[in-house]
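Input: a single structure, listed below in structure tokens.
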Amino acid sequence: MPEPVVLEMQGAIARITVNNPPVNALCHAVRAGLLDCVRRADRDTGVDGIVIVCAGRTFIAGADISEFGKPPREPILHDVLAAIERASKPVVAAIHGTALGGGLELALCCHYRVATSDARIGLPEVKLGLLPGAGGTQRLPRVLGVEAALDAMLTGRMLDAPGVAERGDGAIDAVLDGSIADASVNWLRGRLAESLPLRRVRDMPVPGNADAAVFERFETRAARETRGQFAPRQIIACVRAATELDFDEGLKFERARFGECMQNPQSGAMRHLFFAEREAARIPDVPRDTPRRPINAAAVVGAGTMGAGIAMCFANAGIPVTLTDASSEALNRAVARIRDNYDRSAARGRLDTQTVERRMGLITAEAGLHVASRADLVVEAVYEDLELKKQIFAELARECRDDAILATNTSTLDVNQIAASTTTPERVLGLHFFSPANVMRLVEVVRGQTTANDVLATAMGLVRRLRKVGVVSGVCYGFIGNRMLEGYAREAGFLLLEGVSPERIDRVMRDFGFPMGPLQMGDLAGNDVGARVRAERRAAGELPEDPRYGRVHDRLAELGRHGQKSGKGLYRYGEDGRTPEPDPEVERLIREEAEALGVKPREVSDREILERCLLPLINEGLAILEEGIALRASDIDIVWVNGYGFPVYEGGPMYYAEQLGLGHVLERLRHYGRTLGNAFDYWTPAPLLEQLAAQRLALKDWTRD
Ligand code: 3H9
């Protein structure tokens, strides 16, 4: 193992290089090495200045997250940063890649900062349920101003170094060409010749006059954008402290708040998700170095909302894409919709017009499946009809190159049957995008019985290139996410029949942290779609013969109450077409249906609403795990957080279950089985749950033999 931190002399400049792959995290050895090198260089009378630079792909990406929760080992980061800041000679941070979290905090303790033109900086701690706890909340406002600093810390967004340098406020002092290790040394030499002073961010005043109104505005925004999260409020409090307290008092305040965030269970949940997301990319029987097929051109079959959204995903990632459909009107409509979508982003200042034109230029619309012959990968996104999809795949297999990958965006149909309709099933898999495809991060990558390893590896790589998160799912009805949704939606429907109002059910689930409740979500997805799927599944004998099952929603669909899109569903929608309002007509309908079914109104507590919605979902997750549909429990968490709005600070349904205690989950399932009756085995615990609870095993420690 090479030394993680080395010091070498470049004339009178001491260059300290951090080399701790993959991202130069500030683990114990790096902290110790940095402290030692900085002290040595500072003492050495032959040294005029110091440069801190990193080897590999990036500058320091922050504290080592895998050390969190373990007892701290000296030297702690604060001591290292204090030594850098107090050095008697100018210290320059030479940034390439990304300077994040503790990495940027370290750079802010240096007296100057230089960067490559593609470098980015950021304080993303909020995404881990934390705040920048090594001076970031006190120093960033001093160089960027309160508002820009708060914006960066509350969103965790990265800022481009050249843009920051242009502001001229000392956050980045220069953007350099060529090798950063050499260019930074030369830059420092030049400045030393001009006898540059030791400039410490801690001595700068916080610019501007941030009054109470500014902080209130950010409080309101945080309450909306990061509802229920603990860390954002602490970040705002710390920045306020930076404007009110002297620097050292501000640091103390920050440290105390950082400790509170670290202790808060939310951070544990969010750190779990950080590692879970990276783990999801690993497929045990597909080695990381499996060769991938090049994807330089894509095609999307079906120009509906989904197809158009998927085409945008490719264009956004710079991949040329051909959208095709049998109907040229549908194609024209799709292109107009895409254009409109981009124009609206441009109007909001999220995209510049050049980017809009470049992306539009990558999208071609042309009728006829023959256009797919040019593609390296085709995504089919037509109507959910198995026969239609089989026909399309048979034709695609003839039209496309032999090595082209054929993917279906089905959310319910059997990928194995679709693959079997081609002569080359090994190149077929599912790519289940979530709606709206250009916004939602999740893609379930559905591995068919015959999908080849390199096809799967290529698809996972592609999803990452689209800046989304891919989770591998086996083939079953609804894959991971929609299959788990069933029990959740079922119980919401039963609670309606038992006399609980739709608003109350949705409110309880929103209070738990979902952006919307199950009934609002149903209205958004469309009751006609749900009713059609239920009818097909009922006919196929795949649903319990329970007259209560989906009853209210089937009635709504019969009445043309399709949901938001038709202005009324379980709710009615006001002027804006989006705000749900209770509808007395629906209340009457629910009462009538309950009477017809003989379901009596009951007193139901909020706790019961929450448990009845969540426990079946968790139970199904365990079944999915046991069947091998999901590779690991944390993959299920990634699906539910990114595809269904499960609150990040609860870590996903399986992590949440583990926090409740699997024994407790088992006991509550049994409780409902006893009190509600266990019709159709609704409350029968998954065998894996019984097994884990009996053995007191954690989900992550369980392996499928
Ligand atoms: C902090 O700094 C607290 C301070 O304010 C206060 C302290 C007192 N630690 O994402 P990738 C691993 S909090 C440990 O696939 P990319 C990651 O698990 C920290 N490990 O690469 C993965 O491992 P594996 C604030 C880390 O190129 C591998 O590196 N900083 C860390 O797509 C590659 O990661 C952050 O939150 C870490 N800090 O993206 C930054 N970071 O290969 C978090 C990464 O075994 N990191 N790993 O699966 C990132 O955002 C991205 O990793 C980065 C690279 C953009 C840097």
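The structure presented is a predicted model; accordingly, all values stated were derived computationally and were not measured. In listed order, ligands and their atoms are each counted from 1.
Here the side chains of L128 and F274 are in contact, with some heavy-atom distance below 4.5 Å. In this structure, the side chains of W702 and L625 come closer than 4.5 Å at one or more pairs of heavy atoms.
Taking the ring centre of F275 as origin, the terminal cationic atom of R271 falls outside the region bounded by 6.0 Å and 45° from the ring axis.
Aromatic ring pairs are classed by plane angle as parallel below 30°, tilted from 30° to 60° and perpendicular above 60°; the pair H272 and Y655 is parallel. Relative orientation of the Y644 and W640 rings is parallel, given thresholds of 30° and 60° on the angle between their planes.
If you check which protein heavy atom lies closest to atom 6 (C) of ligand 1, you get G133 N, 3.6 Å. Nearest protein heavy-atom neighbour of atom 45 (O) of ligand 1: R282 NH2, 3.4 Å. Among protein heavy atoms, atom 17 (C) of ligand 1 sits closest to R278 CD, 3.6 Å. Shortest contact from atom 27 (O) of ligand 1 to any protein heavy atom: R57 NH2, 2.8 Å. Counting only heavy atoms of the protein, atom 44 (C) of ligand 1 lies nearest to V23 CG2, 3.5 Å. If you check which protein heavy atom lies closest to atom 55 (C) of ligand 1, you get L100 CD1, 3.9 Å. Shortest contact from atom 5 (O) of ligand 1 to any protein heavy atom: E125 OE2, 2.6 Å. Of the protein's non-hydrogen atoms, P22 CG, 3.5 Å is the one closest to atom 28 (C) of ligand 1.
With a heavy-atom cut-off of 4.0 Å, A63 touches ligand 1 through backbone and side chain alike. Both the backbone and the side chain of A61 come within 4.0 Å of ligand 1, judged by heavy-atom distances. Neither the backbone nor the side chain of L123 comes within contact range of ligand 1; no heavy atom lies under 4.0 Å. Under 4.0 Å from ligand 1, not a single heavy atom of K127 appears. Using a 4.0 Å cut-off between heavy atoms, E279 makes no contact with ligand 1 at all.
The neighbour count for D248 CG, taken as heavy atoms of other residues, nucleotides or ligands under 6.0 Å away, is above 12. Around CZ of R86, the count of heavy atoms belonging to other residues, nucleotides or ligands within 6.0 Å does not exceed 12.
The distance from ligand 1 to the heavy atoms of F274 drops below 4.0 Å at these ligand atoms: 18 (O), 41 (N), 43 (C), 44 (C), 46 (N). When each atom of ligand 1 is checked for a heavy atom of F275 under 4.0 Å away, the hits are 18 (O). Taking every non-hydrogen atom of G101 and a distance limit under 4.0 Å, the qualifying atoms of ligand 1 come out as 2 (O), 25 (C). Each of the following atoms of ligand 1 lies closer than 4.0 Å to a heavy atom of P132: 5 (O).
Remark: D42 does not engage R39 in a salt bridge, criterion side-chain N to carboxylate O under 4.0 Å. Of the charged side-chain nitrogens involved, none lies within less than 4.0 Å of a carboxylate oxygen, so that K127 and E277 do not count as a salt-bridged pair. By the 4.0 Å N-to-carboxylate-O rule, D151 lies close enough to R221 to be salt-bridged with it. Salt-bridge formation is not detected for the pair E67/R73: no Lys NZ or Arg NE/NH1/NH2 atom is positioned less than 4.0 Å from an Asp or Glu carboxylate oxygen.
Atom 23 (O) of ligand 1 is never approached by the protein to below 4.0 angstrom, counting heavy atoms only.
Heavy atoms of L130 stay at 4.0 angstrom or farther from ligand 1. Note on ligand 1: R464 sits in its first shell, one or more heavy atoms being nearer than 4.0 Å. Residue contacts with ligand 1 include P124, since one or more of its heavy atoms lies under 4.0 Å from the ligand.
Screening E254, R257, Q229 for a side-chain hydrogen bond (donor to acceptor under 3.5 Å, both in side chains) with Q234, the sole residue that qualifies is R257.
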